[in-house]
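Here the structure comes first, spelled out in structure tokens, and everything after it is commentary.
On a predicted model such as this, the values are computed, not experimentally measured, just so you know.
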Amino acid sequence: MGLFGKIFGTYSEKEVKRVMPIVQKINSLEPEMEKLTDKELTNKTSYFKEELAKGKTLDDILPEAFAVVREASKRVLGMRHFDVQLIGGIILHQGRIAEMKTGEGKTLVATLPVYLNALTGKGVHVITVNEYLAKRDSEWMGKVYRFLGLSVGLIYGRMDYNEKQNAYRADITYGTNNEFGFDYLRDNMVIHKEDMVQRELNYAIVDEIDSILIDEARTPLIISGRANKSSDLYKLADRFVKKLKAKIIIEEDVKDVDQAEDNEKYDYIVDLKAKSATLTQKGIEKAEKEFNLENLNDVNNTDIVHNINQALRANGIMKRDIDYIVKDGEVLIVDEFTGRIMYGRRYNDGLHQAIEAKENVKIADESKTLATITFQNYFRMYEKLSGMTGTAMTEEAEFKEIYNLDVVAIPTNKPLIRIDQTDIIYKNEAAKFNAVIQDIKASHEKGQPVLVGTVSIENSEKLSRLLNKEGIPHEVLNAKNHEKEAEIIAQAGKYGAVTIATNMAGRGTDIMLGGNSEYLAKQEMRKQKYEESMIEQATAFNETDDKEILEARSTFKNLVNKFDEQIKDEKEKVISAGGLKIIGTERHESRRIDNQLRGRSGRQGDPGETRFYLALDDNLLKIFGGDIITKIFEKGNVPEDLPIEVKLIAKTIESAQSKVEGRNFSIRKHILNYDDVMNIQRDIIYSQRRKVLDGDNIRDNIVEMIESACEMIIDTYREEIQENKVNRDALLNEIKVSLNLADVESLKDSKLNADKILKE
């Protein structure tokens with residue numbers, strides 16, 4: 001924080017201070033709400049709707065509505081909103097982003113603005129990063145909404161059409177960002193109005209908003225149809241590229257590159273910073289020889305050039321177990337920000353097929369785009385948009401510029417006492433990993449739980465092998481075993497636990513010191529021979545009269561209470577050992593991802609410690625770190641196993657991350673600028689399409705289009721018509737095909753006068 005901020009307070013502090021009178025008003029209503037019967041509390045929903053119908057605004061009824069939700073939550077869930085959660089709820093209602101640290105109860109915060117805005121009857125969408133969270137939250141928080149008389153819907157993939165339509169008609173609808181976006185596109189492809197599922201886009205709360213609106217915004221949503229069969233060119237191009245010699249450029253400053261020398265020695269150049277791969281002159285000559293061409297860059301060779309370029313990217317830039325994995329003979333994209341597999345998503349423009357050729361798996365058929373939209377343009381259609389996350393401040397400028405959303409940091413309920421240590425840098429990866437293992441070993445011996453963050457699957461598995469050599473028991477969480485993620489993360493806070501994980505965005509499960517009683521209860525139920533389906537029902541939140549399910553829920557509750565008691569002692573031991581220790585093995589390109597990892601420690605006032613271990617050959621330092629750090633090592637003649645801990649270096653790394661974030665912002669902005677042009681066309685076509693579905697008379701529009709099409713055809717031939725040199729059959733055939741006319745006989749005998757043809 002700068003001197004100005006220290007004296008006058010930050011923007012967030014001012015905004016929090018501004019809403020405090022509303023919080024005080026909500027608190028003053030609590031005794032009154034506690035006196036109401038359940039029925040009287042439920043009847044408040046009808047009362048609020050009547051008040052809105054009389055002309056009151058949502059802001060007018062906010063204090064009382066929030067007080068009602070807090071009381072309902074106490075009775076139904078046994079959870080009371082803290083004051084900081086009330087502040088978060090007000091910020092969300094105002095159409096802003098609430099930055100709340102991990103463990104501060106964002107899921108409960110959302111109930112306040114969701115209930116208030118659902119009173120309008122226009123619908124509220126709660127958008128999550130995965131279907132597990134959407135289902136969990138719709139059932140869990142849905143209990144509060146249903147208690148207060150509102151309906152709750154859930155959308156998910158492979159869902160029955162009628163069920164989905166009903167889910168959208170509910171007062172509150174939960175689902176993933178992908179499903180909401182794809183439903184919008186599908187709605188604009190239907191033939192009958194009755195087949196549409198979405199209502200108008202009124203108000204949305206986006207959970208993990210930075211993950212959805214920033215990280216995923218580089219990839220637009222695309223509905224594809226089958227185009228051509230996959231070409232053999234992918235395999236031929238891959239075979240060719242695999243024979244070439246590459247030069248890898250990793251330095252930030254490439255002024256000293258000798259292009260003539262590169263053209264003689266190398267076949268193609270890979271620039272890791274720009275993420276590009278291009279043939280040298282030598283490579284071009286080899287391509288011409290390989291494919292028997294006179295000139296590779298001839299316009300007739302476009303397809304070959306395109307396939308070679310994608311093969312260069314697939315082999316030179318895209319890395320297995322970093323950018324993608326191969327599972328069951330299929331190439332699956334790994335989300336670089338969350339570490340999860342992106343099922344159903346494919347790289348476009350033939351890159352996915354090029355990777356399939358590289359990995360020697362079945363090459364899927366090419367596809368053509370039927371409908372597409374970026375997340376930016378989809379979410380900007382909402383009348384009001386808001387979101388919550390633990391990490392948004394580093395992308396504050398982008399949220400403001402692209403979405404017109406400001407970010408307000410909400411204070412924590414209890415003071416943050418976590419210790420964030422300065423980064424340590426080693427000369428190479430081997431020395432760094434050795435230091436990491438020694439740190440893990442020391443923490444493990446004293447019982448301190450350790451969560452180790454890696455940026456790739458490859459590194460998580462490398463660390464796992466090193467820990468196995470040391471005989472240290474541990475769990476690994478990456479895209480290859482993500483099915484167990486909730487269970488692995490839930491137990492990462494146990495005494496002496498060691499967990500390795502690739503990225504930590506949107507995991508949806510808190511790490512509790514001493515362990516998580518709910519997951520211990522599930523394990524015990526498995527030992528008692530309960531089937532997985534029944535355990536799932538025992539931990540669900542939906543209403544039921546099934547005696548077997550109710551009995552399972554009772555068993556689960558009793559086990560949770562039993563393990564809660566056991567965990568109390570273990571939690572004290574973990575606190576004495578220093579709380580959860582976070583070890584980062586590399587800095588991510590985005591500061592937010594580092595902050596997400598850090599944020600797993602020190603929740604709700606718990607003790608904790610974080611430290612990042614770096615090496616000069618880490619990708620970020622190689623590509624963007626500059627020469628400063630290397631010079632420090634060289635001048636000091638630093639041995640490999642001796643680390644450097646200097647605050648100047650931390651600033652250099654932060655500067656490197658800022659550069660990458662700036663570049664990624666530019667990429668997203670470029671995609672948006674391109675889609676903005678399409679968006680104008682999309683809005684026109686979709687609005688006209690909607691008029692047709694609504695049964696509106698658009699005869700004048702159609703006549704105008706026909707006239708415009710006729711003018712374009714005639715203008716093409718006008719000069720030839722005037723000189724009486726036109727190919728009559730060609731002209732009439734074009735009119736017939738373009739306007740889908742069954743007969744143009746009436747024009748055949750006409751004197752070919754341009755204006756007369758237009759008139760006829």
Side-chain angles (χ1 to χ4, degrees), residues 34 38 41 70-82 85 102-108 111 132-148 152 154 413 447 449 475 483-497 499 507-576 579-580 603-606:
E34 288 173 337
D38 285 357
L41 196 62
R70 178 195 256 179
E71 185 58 32
S73 176
K74 280 157 62 178
R75 296 184 191 188
V76 176
L77 303 177
M79 300 165 76
R80 179 186 178 276
H81 297 77
F82 301 127
Q85 290 174 314
T102 300
E104 291 296 304
K106 292 187 283 289
T107 307
L108 188 63
T111 56
Y132 161 75
L133 291 177
K135 184 174 185 296
R136 183 199 73 177
D137 295 352
S138 67
E139 292 176 351
W140 189 16
M141 299 299 125
K143 285 188 169 187
V144 174
Y145 307 131
R146 292 186 183 98
F147 174 81
L148 292 171
V152 183
L154 169 68
N413 186 46
E475 293 280 359
E483 296 88 355
K484 291 165 61 185
E485 74 169 61
E487 194 165 339
I488 291 171
I489 291 300
Q491 298 307 318
K494 282 180 70 66
Y495 186 76
T499 311
R507 294 289 174 190
T509 307
D510 284 343
I511 299 174
M512 301 195 182
L513 300 189
N516 187 307
S517 56
E518 290 188 7
Y519 284 89
L520 292 171
K522 285 182 188 177
Q523 285 178 344
E524 183 59 33
M525 288 182 79
R526 289 186 186 104
K527 288 177 187 174
Q528 294 179 17
K529 305 300 182 189
Y530 277 89
E531 291 183 5
E532 284 298 324
S533 58
M534 187 52 68
I535 293 173
E536 192 176 324
Q537 288 290 344
T539 57
F541 298 96
N542 58 307
E543 302 293 335
T544 182
D545 296 323
D546 189 302
K547 287 183 180 177
E548 193 180 357
I549 293 173
L550 291 172
E551 187 185 318
R553 286 184 181 177
S554 175
T555 301
F556 176 70
K557 189 178 179 182
N558 291 334
L559 286 170
V560 168
N561 292 336
K562 172 189 158 187
F563 286 116
D564 273 340
E565 287 302 312
Q566 291 180 13
I567 283 170
K568 279 180 185 175
D569 293 336
E570 188 160 338
K571 181 176 180 179
E572 289 306 315
K573 283 165 68 181
V574 172
I575 288 172
S576 299
L580 178 65
R603 65 179 295 281
Q604 286 290 337
D606 287 338

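- Rounding to the nearest 0.5 Å gives a distance of 5.0 Å between NZ of Lys562 and CD of Glu524.
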Worked check of salt bridge (Lys or Arg N to Asp or Glu O under 4.0 Å) between Glu572 and Lys568: CA-CA 6 Å; Glu572 289 306 315; Lys568 279 180 185 175; over 6 Å; no

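- Here the NZ-OG1 distance, from Lys494 to Thr499, works out to 11.0 Å after rounding to the nearest 0.5 Å.
- Within the 4.5 Å cutoff, the side chain of Gln523 has no heavy atoms near those of the Phe563 side chain.
- Smallest separation of non-hydrogen atoms from Gln85 and Arg80: OE1-O, 3.9 Å.
- For the pair Glu34 and Lys74, the minimum side-chain heavy-atom distance is below 4.5 Å.
- A salt bridge is defined here as a Lys NZ or Arg NE, NH1 or NH2 lying under 4.0 Å from an Asp or Glu carboxylate O, and Lys547 with Glu551 fails to meet this definition.
- Heavy-atom minimum distance, Ile567 versus Ser517: CD1-N, 3.4 Å.
- Without hydrogens or angle criteria, Ser138 side chain to Ala134 main chain gives a donor-acceptor distance under 3.5 Å.
- To the nearest 0.5 Å, atoms OG1 (Thr107) and CG (Leu77) are separated by 11.0 Å.
- Here the options are Lys143, His81, Met141, the test is side chain to side chain contact (heavy atoms under 4.5 Å, CB included), and the partner is Ser73; only His81 passes.
- Atom CG of residue Asp606 and atom CG of residue Leu580 lie 9.0 Å apart, to the nearest 0.5 angstrom.
- Ala492 and Ile511 make their closest contact through C-CG2, 3.9 Å (heavy atoms, listed as atom of the first residue, atom of the second, distance).
- Side-chain atoms of Glu570 come within 3.5 Å of backbone N or O of Tyr495 as a donor-acceptor pair.
- Using a 4.0 Å cut-off between charged nitrogen and carboxylate oxygen, Arg603 and Glu104 do not count as a salt-bridge pair.
- Looking at every heavy atom in both residues, Lys522 comes nearest to Phe556 through CG-CE1, 4.1 Å.
- Met525 approaches Leu559 most closely through the heavy-atom pair CG-CD1, 3.6 Å.
- Formation of a donor-acceptor pair under 3.5 Å by the Gln491 side chain with backbone atoms of Asn516 is found in this model.
- Residues Pro449 and Gly493 approach most closely at CG-O, 3.8 Å, considering heavy atoms.
- The structure places CZ of Arg136 at 13.0 Å from CG of Leu154, a figure rounded to the nearest 0.5 Å.
- With rounding to the nearest 0.5 Å, the separation of CD in Gln566 from CG in Leu520 is 8.0 Å.
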